[in-house]
Asks: 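Before I ask anything, let me first share the structure, which is written out below as structure tokens.
Note that the structure is predicted; figures quoted are calculated from it, not measured. We count residues from 1, following the sequence as given.
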Amino acid sequence: MPVEIERKFLVVSEVWRGSAIRSRAIRQGYISRSGPLSVRVRTLNGDAFLTIKRRIPGPQREEYEYAIPLDDA
């Protein structure tokens with residue numbers, strides 16, 4: 001079972017942008033974000049994914065990601 005470790009950082013300036021090598025356009029939307037599950041659809045570089053995350057105690061989350069047809073996204 002895949003596990004993601006959630007890390008969040010507070011960015012207080014734009015200085016980091018000078019070190020960026022590349023960027024990618026990501027579009028995403030949430031089907032559900034309430035309760036113990038989060039269900040997201042994301043498109044990236046012509047590919048589409050359905051992601052299901054389950055909250056567990058601590059900074060970890062169980063995460064399942066499945067490729068889906070772009071038209072379905």
Side-chain angles (χ1 to χ4, degrees):
M1 155 178 348
V3 175
E4 170 192 68
I5 297 177
E6 191 78 25
R7 292 189 172 92
K8 296 181 181 184
F9 301 91
L10 177 61
V11 179
V12 295
S13 75
E14 299 288 317
V15 174
W16 64 272
R17 290 188 183 276
S19 300
I21 298 169
R22 63 186 165 98
S23 66
R24 300 182 288 179
I26 298 173
R27 294 185 66 189
Q28 70 180 23
Y30 286 88
I31 296 171
S32 173
R33 291 185 359 173
S34 62
L37 292 179
S38 169
V39 182
R40 176 185 72 211
V41 175
R42 177 182 279 177
T43 60
L44 169 67
N45 297 330
D47 295 317
F49 303 93
L50 177 72
T51 305
I52 302 167
K53 293 184 183 184
R54 184 172 80 91
R55 291 186 185 128
I56 53 179
Q60 303 176 102
R61 294 177 188 230
E62 293 176 347
E63 179 176 298
Y64 302 90
E65 186 168 84
Y66 305 96
I68 61 173
L70 188 59
D71 288 342
D72 291 350

Asks: Which residues pass the side-chain hydrogen bond (donor to acceptor under 3.5 Å, both in side chains) test with T51, sequence neighbours left out?
Replies: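 Per chain and number, T51 pairs via side-chain hydrogen bond (donor to acceptor under 3.5 Å, both in side chains) with R40, E65.
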Asks: Could you pull out all residues at least two apart from F9 that satisfy side chain to side chain contact (heavy atoms under 4.5 Å, CB included)?
Replies: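 Partners of F9 by the side chain to side chain contact (heavy atoms under 4.5 Å, CB included) criterion, ordered by chain and then number, come out as R7.
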Asks: Write down the atom of F49, the atom of A67, and the distance for their closest heavy-atom approach.
Replies: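 Nearest heavy atoms, F49 then A67: CD2-CA, 3.9 Å.
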Asks: Kindly write out the residues that satisfy side chain to side chain contact (heavy atoms under 4.5 Å, CB included) with L37, not counting sequence neighbours, or none if the list is empty.
Replies: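 So L37 forms a side chain to side chain contact (heavy atoms under 4.5 Å, CB included) with I52, R54.
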Asks: Give the other cluster members for I21, using side-chain heavy-atom distances under 4.5 Å between Ile, Leu, Val, Met, Phe, Trp and Tyr residues; answer none if it is isolated.
Replies: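 Under the 4.5 Å side-chain rule, I21 groups with nothing.
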Asks: Hydrophobic clusters join Ile, Leu, Val, Met, Phe, Trp and Tyr when side-chain heavy atoms are under 4.5 Å apart, directly or via other members; which others share one with L70?
Replies: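 Joined to L70, directly or through intermediates: none.
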Asks: How is the hydrophobic cluster of V12 composed, in terms of its other members, when Ile, Leu, Val, Met, Phe, Trp and Tyr link through side-chain heavy atoms under 4.5 Å apart, directly or indirectly?
Replies: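 Besides V12, the hydrophobic cluster comprises L10, listed by chain and residue number.
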Asks: Listed by chain and number, what are the side-chain hydrogen bond (donor to acceptor under 3.5 Å, both in side chains) partners of Q60, not counting sequence neighbours?
Replies: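 If we apply the side-chain hydrogen bond (donor to acceptor under 3.5 Å, both in side chains) test to Q60, skipping adjacent residues, there are no hits.
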Asks: Within this structure, what is the NZ-CZ distance for the pair K53 and R61, rounded to the nearest 0.5 Å?
Replies: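 Result: 6.0 Å between the selected atoms.
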Asks: Going by side-chain heavy atoms closer than 4.5 Å, which hydrophobic residues are tied to V15, directly or by a chain of links?
Replies: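 For V15, no cluster forms, as it stays isolated from other hydrophobic side chains.
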Asks: Taking salt bridge (Lys or Arg N to Asp or Glu O under 4.0 Å) as the test, write out the residues that go with R55, two or more places apart.
Replies: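 None.
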Asks: Between P69 and A48, which heavy-atom pair has the shortest distance, and what is it?
Replies: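 Shortest heavy-atom separation between P69 and A48 comes out as O-CB, 4.1 Å.
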Asks: Identify, with sequence neighbours excluded, every residue that meets side chain to side chain contact (heavy atoms under 4.5 Å, CB included) alongside L50.
Replies: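 If we apply the side chain to side chain contact (heavy atoms under 4.5 Å, CB included) test to L50, skipping adjacent residues, the hits are I31, V39, V41, I68.
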Asks: I need the full list of side-chain hydrogen bond (donor to acceptor under 3.5 Å, both in side chains) pairs touching residues 20-33, with sequence neighbours left out, sorted by first then second residue.
Replies: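 Residue pairs with at least one partner in residues 20-33: Q28-R42.
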